[in-house]
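Notes follow the structure.
When reading the values below, keep in mind they use all heavy atoms of this one structure, side chains included, and skip hydrogens, waters and symmetry mates.
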Amino acid sequence: MDGMANTSDTSTTTARPSSEEDERNANRSTTPSSEGFKRYIGSGWADRDESLPSARAQAAFAAARRAKVSAAFTGVRLIIPAGDMKQRANDTDYPFRAHSAFAHLTGWGSDSEPGAVLVFEPVGDAHDATVYFRERADRDTEEFYADASIGEFWIGPRPSLGHVAADLGLAARGIADLDHVIDSVDTATLVLREADPAITERVDHARIRYAAEAALSTNASDAPFSIEVGGEHEPDGELARVLSELRLVKDEFEVAELRAAIDATQRGFAEVIGELPRITAEVRGERVIEGVFATRARLEGNDVGYGSIAAAGPHATILHWTRNDGPVVPGDLVLLDAGVERDSYYTADITRTFPVNGTFSSEQRMVYEAVLEAADAAFRVVKPGAIFREVHAAAMEVIARKTAEWGFLPVTAEESLQPENQFHRRYMVHGTSHHLGLDVHDCAKARRSMYMDGVLEPGMVFTIEPGLYFQPDDLTVPEEFRGIGVRIEDDILVTEAGAENLSAGIPRTADEVEAWVRGDVA
């Protein structure tokens with residue numbers, strides 16, 4: 001990484017840092033600040049291409065989403081930040097990812113600008129929506145070359161206001177103009193609190209100031225927010241819930257993006273299988289799996305949608321094993337849970353479990369086929385009008401029956417399924433399904449009545465992912481089962497006629513998986 005320091009060069013004076021990152025490294029900066037240098041670096045550049053793009057494909061869909069939000073909050077100013085960069089170590093930051101609600105309502109994905117804010121300004125019974133962001137700096141400014149966090153010399157060119165407005169089909173203004181919005185905040189203004197703590201704090205202060213000023217002439221004791229900065233504000237929570245529930249049913253663009261993410265994920269899985277000789281030769285073979293898949297994710301998308309789980313042998317019994325530092329040994333199983341995230345942020349979430357040497361042992365196959373039976377039972381439940389929790393219940397009936405048949409439970413399957421027992425859940429403590437979209441666990445702020453107890457509708461996309469996990473030291477199962485972990489996860493679209501398994505093209509049955517690993521199928 002190119003550093004800001006050049007300690008052998010002491011012939012230049014230093015410019016005053018223009019960002020928090022520069023302030024962390026002011027003692028190392030050697031950026032020239034003479035007027036002659038500023039004139040020279042600010043001149044001699046070719047004209048920029050100022051032609052404006054056509055609106056991106058998602059723009060019309062994002063506008064329709066904004067209309068729904070506007071209708072839900074008539075007369076209320078809404079502030080929805082993208083979030084900002086997060087420091088990783090000194091002058092390095094984590095890769096920026098805009099908040100999913102911001103991405104959903106603007107159509108801005110992996111090219112989002114850090115620190116951007118979407119504002120719904122009430123106008124009669126509707127709203128004017130504007131995105132505020134730090135627009136491109138002119139080349140005659142110090143920011144252009146001296147600011148390592150936002151300067152074009154350091155991170156590449158940023159878009160102009162006109163470019164973003166045309167691209168998103170959305171009014172755009174410079175971030176400095178957001179001050180006028182904050183100055184206009186009243187007690188009814190709502191903010192998506194979790195997206196950007198700094199913006200939330202500014203809104204909290206502004207609401208308190210407004211209430212205090214109003215109290216001089218009226219009674220503001222019923223202001224609908226906490227009088228403490230950072231305190232609870234139930235109307236803000238309602239905004240978060242509405243934005244989350246808006247994503248429960250995917251539109252045409254979203255479904256297409258999810259299909260593309262799943263197709264890319266399928267290619268990533270196939271590439272992992274193709275690299276098994278190299279994977280088994282490395283001491284940290286799980287890391288090779290992770291790297292092979294990550295390469296596909298970066299080639300076809302923004303990144304992985306979540307930390308890939310590349311769990312071999314007993315690591316497959318650890319539900320969120322992301323350390324991925326173990327060997328991959330013939331005779332063991334590999335549980336690969338991974339998904340490609342598109343540049344639009346829509347992500348796949350798929351799991352396959354396969355034998356490293358291409359053949360399941362008798363115990364491995366027994367467990368695998370039980371999990372597959374549970375997945376298929378859950379899938380048969382999916383249709384418009386079904387209740388989301390019924391998907392999980394169908395899978396659990398199979399898990400309880402199988403573990404009871406094998407003698408692993410202290411009671412019958414029927415007794416175990418009783419709410420006060422649930423002994424079979426020892427071997428599968430997680431849920432069977434979660435909604436999928438911009439977030440791998442999408443719509444998390446939705447009310448239970450809309451999520452777990454919600455009625456399935458066409459356009460919903462969620463996972464079905466039962467599993468069985470027998471820990472290496474679990475004395476309730478025979479020794480030959482200990483250390484076996486199996487999960488099968490598919491991405492499911494609810495259709496008018498029933499359901500579609502979007503990831504069905506990735507081998508699922510035990511025979512198909514064995515042939516896949518052996519290279520007998522594409």
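Ion pairing of Arg352 with Asp490 is present here, as a side-chain N (NZ or NE/NH1/NH2) and a carboxylate O approach within less than 4.0 Å. Taking a cutoff of 4.0 Å between a charged side-chain nitrogen and a carboxylate oxygen, Arg259 and Glu500 qualify as a salt bridge.
The ring pair (Phe, Tyr, Trp, His ring centres under 6.0 Å) check on Phe61 picks up Phe253, with sequence neighbours excluded. Every residue two or more places apart in sequence or in another chain was checked for a ring pair (Phe, Tyr, Trp, His ring centres under 6.0 Å) with Phe354, and none qualifies.
A donor and an acceptor atom, one from each side chain of Glu194 and His99, are located under 3.5 Å apart. At a cut-off of 3.5 Å, with distance as the only test, a side-chain donor of Tyr346 or Glu254 sits close to an acceptor on the other residue. For the residue pair Asp177 and Tyr132, no side-chain donor N or O sits within less than 3.5 Å of a side-chain acceptor on the partner. Side-chain contact check for Thr463 and Asp491: no donor-acceptor pair (N or O, by modelled atom type) lies under 3.5 Å.
Contact annotation: the side chain of Asp93 never approaches that of Arg88 to less than 4.5 Å [non-hydrogen atoms, C-beta and beyond].
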Show me the donor-acceptor pairs within less than 3.5 Å that the side chains of residues 68-76 make with the rest of the protein, sequence neighbours left out.
from	atom 1	to	atom 2	distance (Å)
Ser70	OG	His127	N	3.4
Ser70	OG	His127	ND1	2.6

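Geometrically, Arg66 does not engage Phe120 in a cation-pi contact defined by less than 6.0 Å to the ring centre and at most 45° from the axis.
Looking at Thr432, Thr353, Thr351 one by one, the single match for side chain to side chain donor-acceptor pair (under 3.5 Å) with Glu489 turns out to be Thr351.
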